[in-house]
2 protein chains.
Amino acid sequence: MSSHPQLCHSDCQDCPIRHRAVCAHCDSCELEELEEIKYYRSFEAGQTVIWSGDQMSFVGSVVSGIASLTQTMEDGRTQMVGLLLPSDFVGRPGRDGAPYDVVATTDLVMCCFRKKPFEELMARTPHIAHRLLEMTLDELDAAREWMLVLGRKTAREKIASLLSIIARRDASLTKRGMSGPMVFDLPLTREAMADYLGLTLETVSRQISALKKDGVIHLEGKRHVTIPDMGRLMEEAGDDTDGGFLV
Amino acid sequence: MSSHPQLCHSDCQDCPIRHRAVCAHCDSCELEELEEIKYYRSFEAGQTVIWSGDQMSFVGSVVSGIASLTQTMEDGRTQMVGLLLPSDFVGRPGRDGAPYDVVATTDLVMCCFRKKPFEELMARTPHIAHRLLEMTLDELDAAREWMLVLGRKTAREKIASLLSIIARRDASLTKRGMSGPMVFDLPLTREAMADYLGLTLETVSRQISALKKDGVIHLEGKRHVTIPDMGRLMEEAGDDTDGGFLV
DNA sequence: CGACACATTGAGGTAAATCAAGTTGTGTGG
DNA sequence: CCACACAACTTGATTTACCTCAATGTGTCG
């Protein structure tokens, strides 16, 4: 609280998301061009980064922290439609309005580019355009996988699916493998999980308690999760235990 | 049934999806290159175009008819994750395996390209790559809008949402406007609608009957729909009646 | 005509929502 | 240091929207 996260990743070469973000395929020359137009922004947990319907003046990558994309109906029902983790891209080159709210779920640092210069750079830098297409296709896959979760899975399966996704993304970020027990902190409140899963927060709470009682997960406090057996969790999620890929 | 749909749209210039498909931004020179590697394929209603997990040897555009993307769990629960209408693109340049089944929902004609040559052409034709990114972003928006439908809407709202989407896409294809009553044929069985909406077919049937009883829609036979008041339908869908854009 | 795929309608059961207390934990101010 | 407020969470009782199971209806095609 005392000080903002430091805004001093001045050098792209050392950037923690260098090899996964939109700049992944850039050579050092292209990186220099990006370096010139980039700037960092921090957001505190709970802050709205972009309002649905607003003009988007910038695009950028999540460097650290988590952001969520949410849609809200007039009567207040809300659905989270995306979870943005470090290296994920925010914004839509070529589009003006933002189609959903972007909210900082935890404290957040983003590497931003003003939209116009970025679009121009993209137009003459196939490496960037290509990487962006790749990332967009990945997001589309993730969204469609989520449609199966929302449309057809039970509450228990939904929770197990969410835990397994978070566990896997966490493992791939921290580079601990997927063998042995997995340990991580839930970055979401029960309510945020409910918004992601199309449930109520009470149902989320009940199902987490049930998974805990059945030994599928362990909890210390409300957020610290241990998964003794990842295969078991994936069974609970209704996913193919076999063709399990590690992202 | 007697004869397959004709496979003779030999000239891209006259193609009905020329201005909306992946080739939309191409100049006549680029079009000629595409023309050389393209070929048409027809599928009968019910046929599977691509099996989930299979190698994809081609990509292509829907020329006429409707295809659907579906995901299936081991126990048979299925969720439709995309509805492909004329001009929509099938396939993922740069990826090998297909992530979901592609099924011809009606008789279907596709304009195909072998994957390799298309990828090579794309690499040196920014117009194509750019258009594909545009289209992928649109699909991502559609998928996310659908997540709200699946996660938070009631059965009645889901049906209304589906009808309103089909009505709008139909209007934009046939170029009839959105003023006055809208008339179209449902291209989906009750079961397919259920798979799209995360419902059972019985619930779909009941809600359609209810919307009919309440005068929101008219039905002739089981498939021919008239929507006397589009605004009313969109209210039923829980959508903003105001900021209504016409696709 | 009968067979078949598609659709409707009804009766009853159930998973999850809703409504309603509590509990836990953390930071604030007296 | 304790009392208090507050947000996050848990747990219980009740309701309800949707599912499941089952019977019946409608249209098309050989």
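Hydrogens, waters and symmetry mates play no part in the numbers below; they use all other heavy atoms, side chains included. Letters go in sequence order (proteins before strands), and every chain restarts at 1.
Residue order along DNA chain C, read from the 5' end via each residue's closest nucleotide, puts B:Met193 first among A:Gly198 and B:Met193. Residues A:Val204 and B:Arg156 each lie close to DNA chain D; by heavy-atom proximity, the contact nearer the 5' end of the strand is made by A:Val204.
Contacts of B:Ser205 with the nucleic acid, taken as non-hydrogen atoms under 4.0 Å apart, include base atoms. Within the nucleic acid shown, A:Ile208 has no heavy atom closer than 4.0 Å to any nucleic acid atom. Backbone-only contact: A:Thr189 has heavy atoms under 4.0 Å from sugar-phosphate atoms and none from a base. Using a 4.0 Å heavy-atom cutoff across all strands shown, A:Arg223 reaches sugar-phosphate atoms only and no base atom. Looking at heavy-atom distances under 4.0 Å, A:Gly46 makes no contact with the nucleic acid at all. Looking at heavy-atom distances under 4.0 Å, A:Ser209 makes contact with sugar-phosphate atoms alone, never a base.
With salt bridges taken as basic N to acidic carboxylate O contacts below 4.0 Å, none links A:Arg190 and A:Asp195. A:Arg144 has a carboxylate O that lies under 4.0 Å from a charged side-chain N of B:Glu139, or vice versa, which qualifies the two as a salt bridge. With respect to the salt-bridge test (charged N to carboxylate O, under 4.0 angstrom), the residues A:Glu236 and A:Lys153 do not qualify.
A:Thr200 and A:Thr203 share a donor-acceptor pair across their side chains, judged by distance under 3.5 Å alone. In the model, A:Ser172 has no side-chain atom that pairs as donor or acceptor with a side-chain atom of A:Arg168 under 3.5 Å.
In this entry the distance linking CD of A:Gln207 with P of D:dC9 reads 16 Å, nearest Å. For A:Lys213 and D:dT11, the NZ to C1' distance is 13 Å, given to the nearest whole Å. To the nearest angstrom, C1' of C:dT23 lies 8 Å from NZ of A:Lys222. Atom CG of B:Leu201 is separated from atom P of C:dT9 by 13 Å (rounded to the nearest Å). C:dG25 atom P lies 15 Å from atom NE2 of A:His224, rounded to whole Å. The CZ-C1' distance, from B:Arg152 to C:dA16, rounds to 12 Å in whole Å. Nucleotide C:dT18 holds its P atom 11 Å from the CG atom of A:Asp75, rounded to whole Å. Residue B:Leu186 contributes atom CG, which lies 14 Å from atom P of C:dC6 at whole-angstrom precision.
Here D:dC18 is the nucleotide among D:dT20, D:dC18, C:dC19 with the atom lying nearest to any side-chain atom of B:Ala155. When distances are taken from the side chain of A:Arg190 to each of D:dC21, D:dT10, D:dC19, the shortest belongs to D:dT10. Listed nucleotides D:dT11, D:dC18, C:dA16 differ in distance to A:Leu199; the shortest reach to its side chain belongs to C:dA16. Nearest nucleotide to the side chain of A:Thr203, out of C:dA17, C:dG25, C:dG10: C:dA17. When distances are taken from the side chain of B:Arg206 to each of C:dA20, C:dT9, C:dA16, the shortest belongs to C:dT9.
When each of B:Leu69, B:Ile50, B:Val59 is tested with B:Val90 by the rule side-chain contact (heavy atoms from CB on, under 4.5 Å), just one qualifies, namely B:Ile50.
Atom OG of residue A:Ser64 and atom CG of residue A:Leu108 lie 7.0 Å apart, to the nearest 0.5 angstrom. In this structure, CZ in B:Arg152 is found 10.0 Å from OG1 in A:Thr72, a value given to the nearest 0.5 Å.
An OP1 or OP2 oxygen of C:dA17 is reached within less than 4.0 angstrom by a side-chain nitrogen or oxygen of A:Thr200.
You'll find a donor-acceptor pair under 3.5 Å spanning the side chain of A:Glu202 and the base of C:dC19, going by distance alone.
Comparing the local axis fitted to the first five base pairs of the helix from C:dC1-D:dG30 to C:dG30-D:dC1 with the one fitted to its last five gives a bend of 20°, rounded to 10°.
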